Amino acid sequence: MSTVYDPQAVEADAQASWNETECFRATESGDGEKFYCLAMFPYPSGRLHMGHVRVYTLADVINRYRRLKGYNVMQPMGWDAFGLPAENAAIKNQIPPAKWTDDNIDYMRTQMKRLGFGLDWSREFATCEPEYYHWEQWFFIKMYEKGLVYRKNSVVNWDPVDQTVLANEQVVDGKGWRSEAPVERREMAQWFMKITDYAEELLDELDEMDGWPESVKSMQRNWIGRSEGVEIDFPVNGSDEKLTVFTTRPDTLIGATYVAVAAEHPLAEQAAEDDPDVAQFIERCKQATTAEADLAMMEKEGIATLATVEHPLTGESLPVWVANFVLMEYGSGAVMSVPGHDQRDWEFARKYDIPIVQVIEPVGDESCDLEVEAFVEYGRLLNSGDFDGLTSEDGFNAIADALEAKNLGRRITNYRLRDWGVSRQRYWGCPIPMIHCDDCGVVPVPESDLPVVLPTDVTFEGVRSPLTTMESFLNVDCPRCGKAARRETDTFDTFMESSWYFVRFACPDANSPMVDERAKYWAPVDHYVGGIEHAILHLLYARFYYKLMRDEGLVVGDEPFKRLMMLGMVLQDGKKMSKSAGDAGDPQKLLDRYGADAVRTAMMFAAPPDQSFEWSEAGLEGAMRFLKRFWTLVGDHLENEAGPFEPSELSEAAAALRRKTHETLKRADDDYGRRFQFNTVVSAVMELCNEIRDFKPATAADHGVVREALRTAVLVISPIAPHIAHELWGQLGETDSLVGYPWPAVDEAALVQASVEMVVQVNGKVRGKIEVPTDADQATVLDLAKGSENVARHLKDKTLRKEIVVPNKLVNLVVG
RNA sequence: GCCUGGGUGGCGAAACUGGUAGACGCGCCGGAUUCAAAAUCCGGUUCCUUUGCGGGAGUGUCGGUUCGAGUCCGACCCCAGGUACCA
């Protein structure tokens, strides 16, 4: 054994051995219960950054730990290859997106291999390959035929100078990032998938998902946003039309003093025809982005129209306003306003001198002063005619009944969740397999003509998608009537690819249909690891897609991810890595200098998985030092002859080391398997190594105890630092592969201690420590506590009022 | 704005079920080794006070519950993620 730890040599050897035995290649016939371990696949942005190192190391730790526990583990890797950055690179550097993407994949794959992840590379694919997106197109048409796909108008960010649609990210301070022209809201026909049909199931199932963090379930619940309320019709005066609004507070209906509609609402457009001021206001409303955060923080503005509606219960005439905070995308694009009992309406009414009427009074001691703010709590109805005196709950029902009786309203369940808009006006994505025919309208591409292949030999002229001007792509015969027609040039949202890739990994070569029987063995994913930034969108779309696939008989079960581990962000300059500029996050130079094990150990040791932290190289030296010490510890030990030992005949010091060994084993098992906290596993192994260092073995039996401790340390650290563990395992004379070696049982007898230290508090402050026999009775403990010197001083001349004993932990003596 | 997290020494953190706050590591200080340095090894290291024993304060801020609060409750401040076209 070399006395110097050389990570480059050790790591090359270990990796060669894994490649040779193909120990990470997964098959359905493997021994043990199946375990599908998956980290969210990366977007090939260029080089790995420390955020990637973190997520893939964490997943690999779980992978390797599960193998030690006897599972048949599958851990694949692939590439989420479509996306905006490839197009930006193409526009900037004139490199075709396909080439840019392929180069990035090659570089990142090499880096991943260098990190020693136990991946089954035979399953690798990139989503930009026609063999993959073929099935996405196929499935989309299936869903179209099923009525779960439809087309409607929806708002986009329009850059009037570049004549193109911008992503929210490409809008900076309301201006296009390249043109710097103010963006406009513009409506366009787009494809949608009916995720709202599954809203109830997506919501209700969260309650059963024990393997998901509460915070993520809570975010998804709020995002889906189920609410019970009433849909109310306000007849439009001078027309047969009705203005329909939704409210969760019909108890406040009598207090409605106006209604407000979105700028794109037909009533607003009608009003604009007669009133240039309204027309001008509507134009101004278009000078905004589509981002909800911008809209929610925007100054609330509006303009009155001459139109009025009739209050459905009082018959009173209410003015119709056009307001910038009402959005056509949400519900019906209209709201009723009750300024007395809704804070936003109150502020709006104050600003524009609209009457504020109180129709709810508090029943408890809440303050209510409509001069100061709206009263938004539930209470008792007043100024509401026949409904006066009812509680809000009863008023809700009485008013809903009255509306239903007049056929001007109905109780409904409303969801905040909106249907999934999947159209993107971009080049580097999966072509939407639809054809536009002048005679037949929209016609799906026939199954036999799939896939619609994205041409990769393209040049960017300006910023618009090359597809829009590529005649060879555009021109196609209508599959229905045979006349000349045109292809859809929009591509899919990239969340489409990431919504089912994890099923495809089970059978990456399946070619009819999208997945085969192997998917039923591997899916669902048993442990899914990824960044917290995906808590809502990706995970919700993937859950939805899995249900769609279930309903097609392609997968079994209702949910795609049994256990979910959400990682905090690795920050750089206070920002998430994928957003920060430069390549300071590139791990390459760290791998060259310290090796993969040190990088992996430092990353795992830095923080618990769910916590965000600022990456710093400071921990690398420490990790490297630890690995060197570990190496030397084993080397020194091997100079001695280790013999067998009888646990009951060990010296006190040797028994203490054995106890530490088995405590470490127990703690690590709990941290790996239950708590999913790996920084403390590293600490535990460091502590064990420190105790081995401090132990002075005198006999062959003592060396045997050290051997057991080192063997345990190697096994426990192996999921985190697998290369050095592979080498030291062999050095310690083990001939079986460490990958998948059975995790040893804890010797409970080794954990038993004769006495424990207890803390003695007086009035909650620590005043002494006592050594007592384990599980000593209360009287013995109290006697020892009161007799301890410093404690006795604090008890002197005081009256003992209370004695609290927490067995084997502490005593608290309360004096007055 | 709204939803979800987070805030503990000089720094990364630990404290799992309300029971010794700061394990483990980084950094720093002192020592050994060395001609010297690097590397390595040993010791110390929350702050204030004390020669020492000890005493006091302390987990973002303010308040509460409790024998006892980093942990539970209420209000607030700051930071991060998401906010439907970044992925």
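None of the values given here were measured: they were computed from a predicted structure. In what follows, chains are A, B, ... by sequence order, proteins preceding strands, each numbered from 1.
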Fit a plane to each ring of A:Tyr541 and A:Trp420, take the angle between them on a 0 to 90° scale, and name the class: parallel (under 30°), tilted (30 to 60°) or perpendicular (over 60°). parallel
Going by the angle between their ring planes, with limits at 30° and 60°, are A:Trp100 and A:Tyr43 parallel, tilted or perpendicular? tilted
Of the candidate nucleotides [options], which contains the atom at the shortest distance from the side chain of [X]?
X        : options             : result
A:Arg629 : B:C41, B:A21, B:U83 : B:C41
A:Gln761 : B:A87, B:A21, B:G25 : B:A21
A:Arg767 : B:G56, B:A84, B:C24 : B:G56
A:Glu169 : B:C86, B:A87, B:G5  : B:C86
A:Asn168 : B:A87, B:C67, B:A84 : B:A84
A:Asn690 : B:A87, B:C24, B:U20 : B:C24
A:Tyr541 : B:G81, B:A84, B:C86 : B:A84
A:Lys769 : B:C26, B:U20, B:A87 : B:U20
A:Pro85  : B:G81, B:C86, B:A84 : B:C86
A:Ala167 : B:U20, B:A57, B:C86 : B:C86

Kindly give the atom pairs (protein nitrogen or oxygen, nucleotide nitrogen or oxygen) under 3.5 Å for nucleotides 8-14 of chain B.
unit_1	atom_1	unit_2	atom_2	d
B:G12	O2'	A:Ala606	O	2.5
B:A13	OP1	A:Gln611	NE2	2.7
B:A13	O3'	A:Asn679	ND2	3.3
B:A14	OP1	A:Asn679	ND2	2.7

Yes or no on salt bridge (charged side-chain N to carboxylate O under 4.0 Å, His left out) for A:Lys152 and A:Glu329, after CA distance, side-chain angles and deciding distance? CA-CA 11 Å; A:Lys152 72 163 181 186; A:Glu329 316 258 291; over 6 Å; no
With sequence neighbours left out, write down each residue that passes salt bridge (Lys or Arg N to Asp or Glu O under 4.0 Å) with [X], or none if nothing qualifies.
X        : value
A:Asp669 : A:Lys69
A:Glu184 : none
A:Glu301 : A:Arg284
A:Lys809 : none

Under the side chain to side chain donor-acceptor pair (under 3.5 Å) test, which residues partner A:Arg344, sequence neighbours left out? none
Using nucleotides 46-53 of chain B, report all nitrogen or oxygen pairs with the protein that are shorter than 3.5 Å.
none

Would you indicate what A:Val216 reaches in the nucleic acid, counting non-hydrogen atoms under 4.0 angstrom: base, sugar-phosphate, or nothing? nothing
Give me the one residue out of A:Val685, A:Ile720, A:Leu620 that meets side-chain contact (heavy atoms from CB on, under 4.5 Å) with A:Thr601. A:Ile720
Where the chi angle of B:G9 falls, syn if within 90° of 0 and anti if not: syn
B:C67 base to A:Arg801 side chain: any donor-acceptor pair below 3.5 Å? no
Let's test your reading of the pairing rules: Watson-Crick or G-U wobble, both distances under 3.5 Å, then write RNA chain B as a dot-bracket string with ( ), [ ], | and dots. (((((((..(((......[....)))((((((.......))))))((((....))))..(((((..]....))))))))))))....
The criterion is side-chain contact (heavy atoms from CB on, under 4.5 Å); which residues satisfy it with A:Lys175, sequence neighbours excluded? none
Taking atom C1' in both B:A14 and B:G25, compute the distance separating them and give it to the nearest angstrom. 11 Å
What is the distance, to the nearest angstrom, from the [atom1] atom on [X] to the [atom2] atom on [N]?
X        : N     : atom1 : atom2 : result
A:Gln220 : B:A84 : CD    : C1'   : 13 Å
A:Glu691 : B:C24 : CD    : P     : 10 Å
A:His534 : B:G81 : NE2   : C1'   : 11 Å

For residues 219-226 of chain A, tabulate all N or O donor-acceptor pairs below 3.5 Å that involve a side-chain atom, not counting sequence neighbours.
unit_1	atom_1	unit_2	atom_2	d
A:Gln220	OE1	A:Arg543	NH1	2.8
A:Gln220	NE2	A:Ala535	O	3.0
A:Arg221	NH2	A:Asp207	OD1	3.1
A:Asn222	ND2	A:Ser218	O	3.2
A:Arg226	NE	A:Glu228	OE2	3.1
A:Arg226	NH1	A:Tyr415	OH	3.0
A:Arg226	NH2	A:Glu228	OE2	3.0

Report, one pair per line, the protein and nucleotides 1-3 of chain B atoms (nitrogen or oxygen only) whose separation is under 3.5 Å.
unit_1	atom_1	unit_2	atom_2	d
B:G1	N2	A:Glu292	OE1	3.1
B:C3	O3'	A:Asn222	ND2	2.7
B:C3	O2'	A:Asn222	ND2	3.1

Considering only heavy atoms, which members of residues 619-628 of chain A lie under 4.0 Å from some atom of RNA chain B? A:Gly622, A:Arg625
